[in-house]
Every structure is written in C-alpha cells, then in structure tokens.
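It should be emphasised that the depicted structure is a prediction, and the values quoted were computed from it without experimental measurement.
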Amino acid sequence: MTILLKNIKEILQVRNQHIDKLEGQEMKTLPVLENAFLLIENDIIKDFGPMSDCPTADFDEVIDVTGKTVLPTWVDSHTHLVYAGNRELEFVDRINGLSYEEIFNRGGGILNSAKKLQELSEEELYEQSRKRLEEVIQQGTGAVEIKSGYGLTLEAELKMLRVIKKLKDNYPIEIKATFLGAHAFPTAYKDNHKGYIDLLVDEMIPAIAKEGLAEYVDAFLETGYFSCEETERIIQAGQKHGMIAKVHVNQFTAIGGIEMCVKNGALSVDHLEIVTDEDIAVLKGSKTMPVALPTCSFFISIPYTPARKMIDAGLPIALASDSNPGTTPSGNMNFVVSTACIKMRMTPEEAINAATINGAYAMGVGQDYGSITKGKKASLIITKPLHSFYELPYAFGSNNIEQVILNGKLQ
C-alpha cells in the first residue's frame with residue numbers, strides 16, 4: 001500500500017536522522033519543509049522532499065493537501081484512559097472550595113474510581129475505555145501510554161491491564177502499559193502501608209510480569225501517598241521483572257523524589273508542578289525526561305510546571321495529557337500544546353517538540369515515532385488549511401485536524 005501526500009504547505013518536525021531528545025535551546029528549533037511531498041509505503045515514511053522532486057509513479061492513493069500542514073501525531077506519554085464512570089460531582093466540590101486532598105480524605109478521588117472499577121465487568125470497562133481511545137485518535141494522538149492504578153487489588157489491576165492489552169490488540173495506535181498499583185493506599189491498608197507495599201512487591205508485580213501486561217512501573221510519590229523509600233522499593237521490584245520506572249512526583253510538594261528517581265534510572269518523572277533548583281541540578285545531564293501535564297494544572301487550579309525556568313536551565317521537557325476522571329478529564333493533546341504556550345510560556349516550537357520527539361522519548365518509542373524521518377512509522381496529522389502552524393496553539397478552541405494517519409492507515 002502506497003500513499004502520496006502532495007502539495008503540502010509545510011511539513012513540521014522534519015529530521016534526516018533519529019534524535020533521542022531535545023534539551024534547552026535545542027527545543028526552540030522546529031525544522032519545517034515547505035511546498036513538499038511525503039510518500040508512505042505500507043506503515044512507514046518512505047520519502048519526503050520538495051514538490052520539485054515529487055515522484056510520478058502510480059500509487060494506491062494520492063492526497064492533495066494544498067494549504068495544509070503535516071506533522072507527526074502527538075505522543076501522549078502519561079494517561080489514565082482506562083477507568084470506570086467519571087467524577088463530575090468532585091468537579092462541583094472543587095468549585096465549591098474543596099481541595100484535591102480534602103476530596104480524597106472524604107473517600108473521593110482515586111478511591112472513588114477504584115470502587116467503581118472493582119464493581120465493573122472487564123467487558124464494560126473495555127467498552128467505556130475504547131470510546132475514549134477513539135476520541136484521542138481523532139484528536140491526533142498516535143502513541144499513548146495508559147496506566148492501571150484504579151484497581152488497587154490484584155484482580156482489579158489485572159482487569160485494567162488486560163483491557164489495555166485488548167485495546168493494544170484491536171487498534172492501530174501504539175500503546176504502552178504502566179502498572180500503577182501504588183496510586184493510593186486502599187482503605188484496608190490505611191494504617192498498614194508496609195502490608196500494601198509487600199502486596200505490590202511480592203504478589204502484584206510478579207503476577208503482572210508473568211502475563212507480560214506492563215512495560216513500565218509507576219507510583220504516586222507525594223506527601224500523604226507514597227514516600228521516597230516506599231517508591232524506591234516498588235521501582236526496584238519492577239526493575240527485577242523488566243519494568244522501567246515512570247513516576248508521578250512533585251505534584252504538590254518536593255520531598256527528594258526526583259533525585260531518587262534519577263538515581264534509579266527512571267525513564268521519566270511526571271507532573272513537576274513544584275520544582276526546586278536542586279531538582280533542576282539533578283535532572284541536568286541525566287537520562288530522565290521531565291514531563292509536564294499542563295491541563296491538570298488548568299483543571300484543578302494548581303501551579304504550572306515551571307517550563308520556562310527548566311528549559312532556560314538546559315533541561316528537556318515533554319508534554320502529556322494526564323487524561324483521567326478526576327483531575328484531567330481530557331486527552332486532547334492539541335489543548336495540552338496550547339495550554340503549554342499560554343500558561344507555561346513555551347514557544348509553539350518548544351511545545352510541539354515536547355509533544356512529539358520528547359514525548360516519544362518519555363514513552364520509549366522514539367525509534368518509531370515523534371518525527372518525520374525516513375523509516376519511522378507513518379503516523380501523521382493532516383491539518384485543515386492554516387495560515388501557519390502557529391495557528392495550532394493559537395486557535396485553542398478550534399479543531400484544526402482534518403485527517404489522521406496511523407501506521408500508514410487513514411483513520
């Protein structure tokens with residue numbers, strides 16, 4: 001199957017060779033090729049270049065994209081797309097003045113979602129989750145990480161991870177699964193934290209590894225949730241079973257979590273609404289990707305990740321949606337990119353780099369996704385006619401996506 005896109009106004013994120021990630025000043029540069037063609041062969045990017053070099057052979061499909069922009073699909077490296085029901089009443093609670101912590105202490109938050117999920121069948125959980133996945137695909141996401149963490153029992157966590165596997169099997173989008181059993185302490189273990197950590201380490205992680213259901217392991221490393229010491233034990237247990245760490249950290253407080261995660265080789269540290277000078281020093285030169293989740297800050301009115309300070313200090317940043325029922329009920333990466341520009345003072349170039357190349361690094365899929373590079377997967381966004389690509393973050397309330405191609409297939 002061959003598809004030729006011709007008369008492309010501009011192709012974004014054109015890289016002649018694979019780049020792992022972009023740091024500091026590098027993030028300001030977004031390579032653009034104007035008046036171009038792009039050739040897809042089966043599921044890969046076969047060729048691209050100026051229209052003066054456009055091939056003239058017979059192709060299975062030719063798409064004229066005059067006036068339109070082509071870019072790699074978004075890579076969303078942090079989501080909780082698989083969950084039961086929603087938490088709209090907590091939305092009203094927050095409007096009425098309750099904090100995230102106060103809602104959690106009343107039995108809401110993660111524990112609320114866990115109760116709903118434990119009562120739901122695997123089939124119904126899949127039906128609810130696939131609709132959310134289909135929506136983010138239409139919004140331009142071509143690779144997505146999905147976490148468990150709303151089960152909090154072995155049976156319910158396995159249920160979530162099996163649903164993620166079923167989504168992976170049934171949809172052309174790239175999906176990676178993360179085990180987040182350490183999302184909160186179940187009520188039964190409220191006063192027995194060690195007992196729950198023992199359960200995670202001795203029973204849950206080995207069972208999940210035996211079925212090959214998760215590539216990554218995560219924990220909510222935060223005051224009132226999981227400590228540095230508890231999280232380190234979970235990370236190291238996951239590593240023994242082939243799971244790489246991707247960790248929630250520094251959402252509300254800085255308690256040394258970033259340093260511990262870097263020391264233990266975490267692929268990413270996510271949230272980072274609170275970042276100290278010491279955290280920046282630890283991250284600089286490390287292999288750990290900082291991941292910002294700006295639409296979480298938008299929705300629950302907490303500080304935004306200090307992206308400007310971090311980039312100016314030479315760090316890389318990735319952007320992700322944090323799509324979940326409680327604090328970010330949206331997986332729309334277009335709005336994530338806009339919010340990063342509007343509220344975090346990232347330039348459009350930086351935000352697009354953060355949501356493509358750096359997002360692919362944070363998800364461990366950079367060899368195949370995140371840039372327009374020959375040999376990478378043909379997962380592409382075709383926009384509606386635009387004045388320039390700056391219109392993508394500028395027109396934050398508009399849907400400027402016309403078509404999505406996933407692994408060489410029009411969606």
Side-chain angles (χ1 to χ4, degrees), residues 19-29 77-78 99-101 182 218-236 244-320 322 327-328 336-337 339-355 357-359 361-362:
I19 293 173
D20 277 340
K21 59 181 177 178
L22 297 165
E23 301 176 324
Q25 294 297 312
E26 296 172 339
M27 293 188 66
K28 295 184 184 298
T29 301
S77 67
H78 181 127
S99 69
Y100 182 90
E101 293 87 347
D218 193 354
F220 190 8
L221 199 175
E222 183 56 72
T223 300
Y225 292 84
F226 293 83
S227 70
C228 285
E229 293 75 20
E230 290 166 340
T231 301
E232 185 170 44
R233 188 179 169 207
I234 293 162
I235 287 174
Q236 291 176 354
I244 299 167
K246 285 171 57 65
V247 184
H248 288 63
V249 63
N250 284 44
Q251 183 173 6
F252 303 112
T253 57
I255 55 175
I258 289 177
E259 182 177 9
M260 186 278 294
C261 289
V262 170
K263 183 184 77 173
N264 282 277
L267 177 60
S268 72
V269 284
D270 302 23
H271 271 293
L272 312 184
E273 287 86 350
I274 307 298
V275 178
T276 67
D277 291 342
E278 291 77 15
D279 292 328
I280 290 175
V282 166
L283 285 165
K284 198 163 185 178
S286 77
K287 294 182 179 180
T288 301
M289 176 64 70
V291 179
L293 311 171
T295 48
C296 176
S297 297
F298 168 84
F299 190 72
I300 63 172
S301 300
I302 61 174
Y304 288 85
T305 301
R308 187 75 274 136
K309 179 179 180 180
M310 295 167 70
I311 294 171
D312 291 346
L315 294 184
I317 282 187
L319 291 171
D322 193 25
T327 64
T328 324
V336 169
V337 168
T339 306
C341 294
I342 296 164
K343 294 295 186 181
M344 292 164 51
R345 295 178 53 228
M346 293 178 71
T347 68
E349 290 87 350
E350 290 170 338
I352 292 170
N353 281 326
I357 283 183
N358 283 2
Y361 181 95

Exercise. For Tyr304, what residues pass the ring-ring contact (aromatic ring centres under 6.0 Å, His included) criterion, not counting sequence neighbours?
Worked result: none

Seminar exercise, completed: So the salt bridge (charged side-chain N to carboxylate O under 4.0 Å, His left out) pairs with at least one residue in residues 220-235 (sequence neighbours excluded) are Asp198-Arg233, Glu232-Lys263

Seminar exercise, completed: By side-chain hydrogen bond (donor to acceptor under 3.5 Å, both in side chains), Glu259 pairs with (sequence neighbours left out) none

Problem set entry | Partners passing side-chain contact (heavy atoms from CB on, under 4.5 Å) against Ala266 (at least two apart in sequence or in another chain) | Ala245, Cys261, Thr288

For this session: Taking side-chain hydrogen bond (donor to acceptor under 3.5 Å, both in side chains) as the test, write out the residues that go with Lys284, two or more places apart.
Result: none

Problem set entry | Glu23/Lys21 under salt bridge (charged side-chain N to carboxylate O under 4.0 Å, His left out): CA gap, chis, key distance, verdict | CA-CA 7 Å; Glu23 301 176 324; Lys21 59 181 177 178; 3.6 Å; yes

For this session: Compute whether any side-chain donor of one residue and acceptor of the other, for Asn250 and Asp279, lie under 3.5 angstrom apart.
Result: yes

Problem set entry | With Glu278 via side-chain contact (heavy atoms from CB on, under 4.5 Å) - residues at least two apart | Thr276

Seminar exercise, completed: Here the gap from Leu319 atom CG to Ile352 atom CD1, rounded to the nearest 0.5 Å, amounts to 10.5 Å

Exercise. Among all residues two or more places apart in sequence or in another chain, which pass the side-chain hydrogen bond (donor to acceptor under 3.5 Å, both in side chains) test with Thr231?
Worked result: none

Problem set entry | Residues in side-chain contact (heavy atoms from CB on, under 4.5 Å) contact with Leu267, at least two apart in sequence or another chain | Tyr216, Ile244, Lys246, Tyr361

Seminar exercise, completed: Sequence neighbours excluded, the answer for ring-ring contact (aromatic ring centres under 6.0 Å, His included) partners of Phe226 is Phe185

For this session: Apply side-chain hydrogen bond (donor to acceptor under 3.5 Å, both in side chains) to Gln236 and list each qualifying residue two or more places apart in sequence or on a separate chain.
Result: Asn264

For this session: Scan residues 264-285 for pairs that pass ring pair (Phe, Tyr, Trp, His ring centres under 6.0 Å), counting only residues two or more places apart or in two chains.
Result: His78-His271, His248-His271

Exercise. Which residue pairs pass the salt bridge (charged side-chain N to carboxylate O under 4.0 Å, His left out) test with at least one member in residues 295-314, sequence neighbours excluded?
Worked result: Asp277-Lys309, Arg308-Asp312, Arg308-Glu350

